[in-house]
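Worksheet: the structure to be examined is printed underneath.
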Amino acid sequence: MRLIAITGTGTDVGKTVVTAALASCAMQAGARVAVVKPIQTGLLPAEPGDLDTVARLAGCADLFEYLRYAEPLAPATAAWRLGETGPAAAELADRIGDLVDRDAHDLVLIEGAGGALVRFNDRDETF
């Protein structure tokens, strides 16, 4: 099992395209791939997000999004504006760990939200 996290310096720097390229290459090599976007911001629930782009570009169908905030803000800020504290990093890690432990995937790709140090919650936990 391999686990790869894709992050960048901010939004719109190519994380989703890199994620799709890695997924595509791995699947062409015969790997069973899952892609996780733990937190998507800036989109309403019914709007297509980064995982839809990965599906379209790579053909990957094993996709997981855990939280979505409509405002295009850092997850911690978007959560705060809703009166929430934001997700705990340990919770997200446990959910991703469940994918790894299932032995149904050879590769799990995790695409972060925003940049490498974007805050997830009011405890200043980051990707």
Side-chain angles (χ1 to χ4, degrees):
M1 164 52 69
R2 291 190 177 143
L3 184 67
I4 298 174
I6 297 91
T7 190
T9 57
T11 58
D12 294 324
V13 296
K15 295 182 300 291
T16 302
V17 172
V18 168
T19 301
L22 290 170
S24 179
C25 289
M27 290 187 315
Q28 286 180 18
R32 299 166 298 162
V33 178
V35 178
V36 180
K37 177 80 174 184
I39 306 169
Q40 173 78 65
T41 64
L43 297 171
L44 294 171
E47 291 182 287
D50 292 344
L51 292 179
D52 295 290
T53 300
V54 170
R56 182 176 50 81
L57 294 175
C60 184
D62 213 353
L63 308 167
F64 301 87
E65 179 184 288
Y66 300 139
L67 289 168
R68 183 178 282 217
Y69 296 110
E71 290 193 86
L73 303 168
T77 305
W80 175 80
R81 289 176 50 91
L82 293 172
E84 300 173 7
T85 60
E91 273 181 42
L92 297 175
D94 284 347
R95 291 185 77 177
I96 293 166
D98 288 344
L99 289 176
V100 172
D101 292 342
R102 272 196 235 158
D103 198 32
H105 308 99
D106 302 307
L107 176 64
V108 175
L109 301 171
I110 308 165
E111 182 185 339
L117 298 178
V118 69
R119 294 180 317 115
F120 284 166
N121 55 44
D122 65 356
R123 294 169 301 285
D124 293 332
E125 294 178 325
T126 63
F127 181 59

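Quick caveat: nothing in here was measured; it's all calculated off a predicted structure.
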| request: Before accepting this row, confirm whether a basic side-chain N of the pair Arg119/Glu125 lies closer than 4.0 Å to the acidic partner's carboxylate O. | output: no
| query | Does Lys37 come within less than 4.0 Å of Glu111, counting only side-chain N to carboxylate O? | reply | yes
| task | Specify the closest pair of heavy atoms between Tyr69 and Pro75, including all atoms of both residues, with the distance to one decimal. | result | CE1-O, 4.0 Å
| query | Which heavy-atom pair separates Val33 from Ala26 by the least distance, and what is that distance? | reply | CG2-CB, 3.6 Å
Is there a side-chain contact between [X] and [Y] (heavy atoms, below 4.5 Å)?
X      : Y      : answer
Pro38  : Ile96  : yes
Glu91  : Tyr66  : no
Val118 : Thr126 : no
Lys15  : Val18  : no
Leu107 : Met27  : no

| query | Under the side chain to side chain donor-acceptor pair (under 3.5 Å) test, which residues partner Asp122, sequence neighbours left out? | reply | none
| query | Going by the salt bridge (Lys or Arg N to Asp or Glu O under 4.0 Å) test, which pairs reach into residues 58-67, not counting sequence neighbours? | reply | Glu65-Arg68
Could you tell me the separation between the [atom1] atom of [X] and the [atom2] atom of [Y], rounded to the nearest 0.5 Å?
X     : Y      : atom1 : atom2 : answer
Thr77 : Leu82  : OG1   : CG    : 11.0 Å
Thr16 : Asp52  : OG1   : CG    : 10.5 Å
Leu67 : Phe120 : CG    : CZ    : 9.5 Å

| Ile6 vs Leu22, side chain to side chain contact (heavy atoms under 4.5 Å, CB included): CA-CA, chis, key distance, verdict | CA-CA 10 Å; Ile6 297 91; Leu22 290 170; 4.0 Å; yes
| Please walk me through it: do Val35 and Leu63 pass side chain to side chain contact (heavy atoms under 4.5 Å, CB included)? | CA-CA 5 Å; Val35 178; Leu63 308 167; 3.8 Å; yes
| message | Can you confirm whether more than 12 heavy atoms, excluding those of Arg81, are under 6.0 Å from its CZ atom? | response | no
| Within the distance-only criterion (no hydrogens, no angle test), does the side chain of Asn121 pair as donor or acceptor with the backbone N or O of Ala76 below 3.5 angstrom? | no
Sequence neighbours excluded and cut-off under 3.5 Å, please list the side-chain donor-acceptor pairs for residues 39-48, or say none.
| unit_1 | atom_1 | unit_2 | atom_2 | d |
| --- | --- | --- | --- | --- |
| Gln40 | OE1 | Asp50 | N | 3.0 |
| Thr41 | OG1 | Leu73 | O | 3.3 |
| Glu47 | OE1 | Leu44 | N | 2.5 |

| message | Is there a continuous path of hydrophobic side-chain contacts, each under 4.5 Å between heavy atoms, that joins Ile4 to Val17? | response | no
| Single hit among Val36, Ile110, Leu109 for side-chain contact (heavy atoms from CB on, under 4.5 Å) with Thr19 | Leu109
